[in-house]
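Structure record follows, encoded as structure tokens.
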Amino acid sequence: MRRKLVAGNWKMNGSLASLAELDGIGAALDPRIDVAIAVPATLIAPAAARAAFPIGAEDVHSADSGAHTGCISAAMAKEAGAAFSIVGHSERRQGQCESDADVKAKAEALRRHGMNAILCVGETLDEREAGRAVAVVTAQVRASLPEGAAGDWLAIAYEPIWAIGTGRTATVEDVEAMHGAIRATLVELLGAEPGAAVRLLYGGSVTADNAAALLHARDVDGALVGGASLTAAKFAPIIAAGA
Ligand code: PGA
């Protein structure tokens, strides 16, 4: 039985003053649901000290240390208090030219340091309209799946790029079809039981209004929430919708 995970991603938003939102989110925790929030690197330490649930990084470098100006390693994020990191978010795949191989190596770095990973995949609008969404996303899963992939530390987030921050969500039917294809790929690569244990999250304009339908769709084990994770007022109802 996979527990649902409602994860937030603050992206390049928030400040020390925003950490008060973590108190309100903590007050909305439900024993049936896992909750986690990825915050900017500068906020990991104070957020982890304050939150009653796991705090994560939004990205880590695949190397443990070295000449990588501006980057942080998994070990650094962990020392600051991060329990997990997002890897392969489309804003990094596109904006920072990250490849599937980079994403795989980042997830493996997290595992080396005993951290959890949320690994993102998703197609562009052009790819969906060309009927290639399932092929593109399952190819990303194959190429970015880390060694040792297992449900106790890895979740995969399906985030259609055209749905991120646009107010446009995929239909429940589209999400179920894609999650079914990802699940089949995981079962093929990892075997029946391990492949069934990895949680599959949906991300892309999840709000209080659509969360219940998405979170209770077939093969959906949670959500990765951007804009609506920035305040307790918006995030708490999404946690409640998953219960
Ligand atoms: P959004 O972002 O909820 O603001 O669409 C989701 C994400 O990018 O993880």
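Because the structure is predicted, anything quoted here is derived from the model rather than measured. Count residues from 1 along the sequence. All ligand and atom numbering here is 1-based and tracks the order in the structure.
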Could you list which atoms of ligand 1 come closer than 4.0 Å to a heavy atom of [X]?
{"X": "N9", "answer": "9 (O)"}
{"X": "G204", "answer": "5 (O)"}
{"X": "H89", "answer": "7 (C), 8 (O), 9 (O)"}

(message) Between E173 and R218, does any NZ, NE, NH1 or NH2 come within less than 4.0 Å of an OD or OE carboxylate oxygen?
(response)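 Result for this pair is no, no salt bridge flagged.
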
(request) May I ask whether A228 has any heavy atom positioned less than 4.0 angstrom from an atom of ligand 1? (result) no

(message) In terms of relative ring orientation, are H179 and Y158 parallel, tilted or perpendicular, with 30° and 60° separating the classes?
(response)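 Taking Y158 first and then H179, their aromatic rings stand perpendicular (interplane angle over 60°).
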
(message) Quick test: of every protein heavy atom, which one is nearest to atom 9 (O) of ligand 1, and how far off is it to 0.1 Å?
(response)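 For atom 9 (O) of ligand 1, the nearest protein heavy atom is E159 OE2, 2.7 Å.
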
(request) Please report which non-hydrogen protein atom sits nearest to atom 2 (O) of ligand 1, along with the residue it belongs to and the distance in Å to one decimal place. (result)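 Answer for atom 2 (O) of ligand 1: K11 NZ, 3.2 Å.
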
(message) To the closest 0.5 Å, what do you measure between NZ (K106) and OG (S144)?
(response) 12.0 Å

(message) Using a plain distance cutoff, I'd like to know if G227 has any nitrogen or oxygen under 3.5 Å from a nitrogen or oxygen of ligand 1.
(response)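 Between G227 and ligand 1, an N or O pair is found under 3.5 Å apart.
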
(message) Can you confirm, on distance only, whether ligand 1 has an N/O atom lying under 3.5 Å from any N/O atom belonging to G203?
(response)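 Not met; the criterion fails.
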
(message) For a quick test of reading the model, state the closest non-hydrogen atom pair linking I238 to A208 and the distance between them.
(response)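 Taking I238 first and A208 second, the nearest heavy atoms are CG1-N, 3.8 Å.
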
(request) Examine the side chains of T124 and E127 and answer whether a donor and an acceptor come within less than 3.5 Å of each other. (result)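 Distance-only check passes for T124 and E127.
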
(message) Counting only heavy atoms, tell me which of G122, G167, G226, A7 gets closest to atom 1 (P) of ligand 1.
(response)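 Closest candidate by heavy-atom distance is G226.
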
Please output the side-chain donor-acceptor pairs of residues 220-229 that fall under 3.5 Å, not counting sequence neighbours, one pair per line with the distance.
| from | atom 1 | to | atom 2 | distance (Å) |
| --- | --- | --- | --- | --- |
| D221 | OD1 | R2 | NE | 2.9 |
| D221 | OD1 | R2 | NH2 | 3.4 |
| D221 | OD2 | R2 | NE | 3.0 |
| D221 | OD2 | R183 | NH2 | 3.1 |
| D221 | OD2 | L200 | N | 2.8 |
| S229 | OG | N9 | N | 3.3 |
| S229 | OG | V225 | O | 3.1 |
| S229 | OG | G226 | O | 2.7 |

(request) Pick out which of R132, E129, R128 makes a side chain to side chain contact (heavy atoms under 4.5 Å, CB included) with E123. (result) R128

